[in-house]
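A, B, ... follow the sequence lines: proteins, then strands. Residue 1 opens every chain.
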Amino acid sequence: MDLVEEAPYRFRIDRHDPMRVPGVVFASRALLPDAAGDQSLEQVANVATLPGIVGASYAMPDVHWGYGFPIGGVAATDLAEDGVVSPGGVGFDISCGVRLLAADLDRAELVGHLDAVMDALSAATPRGVGRGAVWQLADRAELDAVLRGGSRYAVERGHGNARDLDRCEDYGAVDDADPAQVSERAVQRGQQQVGSLGSGNHFLEVQAVEEVYDAQVAAAFGLRPGQVCVMIHCGSRGLGHQICTDHVRAMEQVMPRYGIEVPDRQLACAPVSSPQGRAYLGAMAAAANYARANRQVLAEAARRVFATRTGRSLDLVYDVSHNLAKIEQHRVDGATRRLCVHRKGATRALPPGHSDLPDDLRPVGQPVLIPGSMGTGSYVLTGVPGAPAFASTCHGAGRVQSRRQATKAVRGHDPRREIEARDIAVRGASRRGLAEEMPAAYKDVAAVVEAAEGAGLCRRVARLVPIGVVKG
DNA sequence: ATGTTC
């Protein structure tokens, strides 16, 4: 793959047939994927062949190999040019994302309570593959209410407060969810998982604000040095996974009908305006709302723990997804166009002044939440004006080892002890689960964030360090 | 990521 370094932290893959647009990779040279074990740059080029794609096929600094599209990829298609939507451009974990809560508590005040808080969070957070959830939905009708209403419905049912919704992307729910496009099997998988963490890289962490880069913006976000926070990273569980599976299959079957050819069958797609495109977007929106409700009720469970064990509250800083496609308006070549923006392992990063931000955040921009690898720290960023890639930035550290490689790499090591040796309390997680998530399996999140900022995608606001982690 | 291979 030929890369042209066209600016600091910016490489170009020149357009060649059948690409419709170039590829653009935002990264330092050191962060570029290793071609030997990772074909994500070929995937960037493959995505550039999609009908209706505009600008470029973009990759964030944490890019790595994924299903069809790279994880860390951003691609926008023009609705007026028969642009397509592709489930592979969203990923299996639809609306997987991050929620950050800030405690009215300083790190020093938590010291004596940490074990009790961690034990209580562990008990209050259903996790791992399979069942167990905070919220027992009454019936299918209530699941449909979750699919339509997301965090708004959760709050309506007592899981949180009205102010929470101002601090959620889309005020807690996306429009146009269509539960009728969610298969019976997806419904069955989703019925008993609202309020569950899942496994893999999903976690609930107690963290502390270690460093503030912009005091004014941090204060507007509700963050101060030394403050205790809770970060939750999870998604739409089996429901989102099943929806992705179902709609990839449906699109594979109809692509010839639309005359669409793609270089990888995992790029299955259909025009946004087609019945299959609309069906996917309706089901995807339902899964997005499910994921938001999931994070809302997990956060509420964490709040109850903090109230009981410390007497302190947890205020929502923000909740944002990093696996989603959205219909958005952007300026392209001097004209405003309606685009289907796919962000897969990429986070929306609205700049200051954006009309979709609530009043108190509009002057400073959207909080962007970046979880690091386990035990290494996380970042809070904000959007910047005039950024490339349709107001998007990175989503995390990004894998450099496959799960299999990571499992092999810990032979002869004790992963739990190595995390605890960093003064981080660990609750839950199998040996293999920890092995797959060890820092060595990931890029350095600090380098990823430096590259994202250097490329003009976002700006650093604060860095958080882990105190305790609850894992599946 | 995932009732970790319909």
*Would you kindly give the NE2-to-P distance between A:H241 and B:dC6, to the nearest whole Å?*
10 Å
*salt bridge (charged side-chain N to carboxylate O under 4.0 Å, His left out) partners of A:E436, counting only residues at least two apart*: A:R403, A:R432
*Whole-Å distance between B:dT5 P and A:F92 CZ?*
12 Å
*Any ring pair (Phe, Tyr, Trp, His ring centres under 6.0 Å) involving residues 391-418 of chain A? Give me the pairs, sequence neighbours left out, ordered by first then second residue.*
A:H322-A:H395
*Whole Å only: how far is the CD atom of A:Q242 from the C1' atom of B:dT2?*
10 Å
_With sequence neighbours excluded, residues passing side-chain hydrogen bond (donor to acceptor under 3.5 Å, both in side chains) with A:R295_ = A:D319
*Applying the side-chain contact (heavy atoms from CB on, under 4.5 Å) test to A:C229, which of A:L314, A:L223, A:V380 qualifies?*
A:L223
_Output the rounded distance in Å from NE2 (A:H202) to P (B:dT4)._
16 Å
*If you look at every strand shown and take non-hydrogen atoms under 4.0 Å, does A:G235 touch a base, only sugar-phosphate, or nothing?*
nothing
Counting only pairs under 3.5 Å, give me each side-chain donor-acceptor contact of residues 465-472 of chain A, with atom names and distances, residues two or more places apart or in other chains.
from: A:K471; atom 1: NZ; to: A:G200; atom 2: O; distance (Å): 3.1
from: A:K471; atom 1: NZ; to: A:H202; atom 2: O; distance (Å): 3.2

_One pair to check against salt bridge (charged side-chain N to carboxylate O under 4.0 Å, His left out): A:D315 and A:R303. What are the steps and the verdict?_
CA-CA 9 Å; A:D315 287 337; A:R303 277 178 169 155; 5.2 Å; no
*Any salt bridge between A:R348 and A:E328, counting N to O under 4.0 Å?*
no
*Tell me, please, which residues at least two apart from A:T382 pass side-chain hydrogen bond (donor to acceptor under 3.5 Å, both in side chains).*
none
*Apply side-chain hydrogen bond (donor to acceptor under 3.5 Å, both in side chains) to A:N46 and list each qualifying residue two or more places apart in sequence or on a separate chain.*
none
*Where the side chain of A:V129 is defined as all heavy atoms beyond and including C-beta, which of B:dC6, B:dT4, B:dT2 is the nearest nucleotide?*
B:dT4
*For DNA chain B, find the residues of residues 34-46 of chain A with a heavy-atom distance under 4.0 Å and give them by number; none if there aren't any.*
none
*CZ of A:R249 versus P of B:dT5: gap in Å, rounded?*
15 Å
_For DNA chain B, the residues among residues 190-198 of chain A that have a non-hydrogen atom under 4.0 Å from it_ = A:Q193, A:G198
_Qualifying residues under side-chain hydrogen bond (donor to acceptor under 3.5 Å, both in side chains), relative to A:D119, sequence neighbours excluded_ = A:R427
*Base, sugar-phosphate, or nothing: which does A:R185 touch, judged by heavy atoms less than 4.0 Å apart?*
base
*For DNA chain B, determine which residues of residues 403-416 of chain A have any heavy atom closer than 4.0 angstrom to one of its atoms, and list them numerically.*
A:R403
*Restricting to pairs with a member in residues 410-419 of chain A, which pass salt bridge (Lys or Arg N to Asp or Glu O under 4.0 Å), not counting sequence neighbours?*
none
Residues 270-284 of chain A side chain polar contacts: donor-acceptor under 3.5 Å, at least two apart:
from: A:S274; atom 1: OG; to: A:P271; atom 2: O; distance (Å): 2.6
from: A:S274; atom 1: OG; to: A:G277; atom 2: N; distance (Å): 3.0
from: A:Q276; atom 1: OE1; to: A:Y258; atom 2: OH; distance (Å): 2.5

*Candidates B:dT2, B:dC6, B:dT4 - which lies nearest the side chain of A:R432*: B:dT4
*Please state how far atom CG in A:N294 lies from atom C1' in B:dT2, giving the value in whole angstrom units.*
14 Å
*Could you tell me whether the phosphate oxygens of B:dT2, OP1 or OP2, come under 4.0 Å of any side-chain nitrogen or oxygen in A:S199?*
yes
*Within this structure, what is the CZ-to-P distance between A:R127 and B:dT2, rounded to whole angstrom?*
14 Å
